[in-house]
> 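Take this structure, written in structure tokens, and hold onto it; I'll ask about it next.
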Amino acid sequence: MEELTLSPRAPARPAGNARPEPAAWALPPVERFNGRAANDAEVEPVVLDDIPRWVVVVVGAVFAAALGALLGGALSV
């Protein structure tokens, strides 16, 4: 069987108190900033006054019941 020989490894850190120089760069200045909002166009707000209140309550109750059934089924597994 062949004898295993390893080459000497280079030290991971510089010898002595020598420290590497810090990076000599800084972030570039930001000159392209535009202060306007991206969605500054005039948009008419959606008015939900056309929907009766009982529809909102029924839809919320159905959603809560479905979510409760799904959560209860997941927790029972």
Side-chain angles (χ1 to χ4, degrees):
M1 193 151 122
E2 202 173 311
E3 189 175 320
L4 179 65
T5 58
L6 298 174
S7 61
R9 292 181 11 180
R13 303 180 97 194
N17 290 333
R19 293 187 178 207
E21 291 289 324
W25 65 275
L27 291 174
V30 179
E31 298 172 358
R32 300 173 303 200
F33 181 73
N34 189 351
R36 291 183 303 157
N39 57 350
D40 62 351
E42 293 295 325
V43 179
E44 294 181 18
V46 176
V47 179
L48 296 177
D49 291 338
D50 298 338
I51 301 173
R53 296 276 185 199
W54 65 269
V55 173
V56 174
V57 172
V58 169
V59 169
V62 168
F63 179 74
L67 193 63
L70 289 173
L71 183 61
L75 290 176
S76 69
V77 171

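Since the model is a prediction, treat every value here as computed from it, not as a measurement.
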> Hey, any chance V62 and L70 share a hydrophobic cluster, counting ILVMFWY side chains that come within less than 4.5 Å of each other, even indirectly?
no
> List, by chain and number, the other hydrophobic cluster members for L67, where Ile, Leu, Val, Met, Phe, Trp and Tyr join if side-chain heavy atoms come within less than 4.5 Å, directly or indirectly.
F63
> My understanding is that only residues two or more places apart in sequence, or in another chain, count here; which of them pass side chain to side chain contact (heavy atoms under 4.5 Å, CB included) with V59?
V55
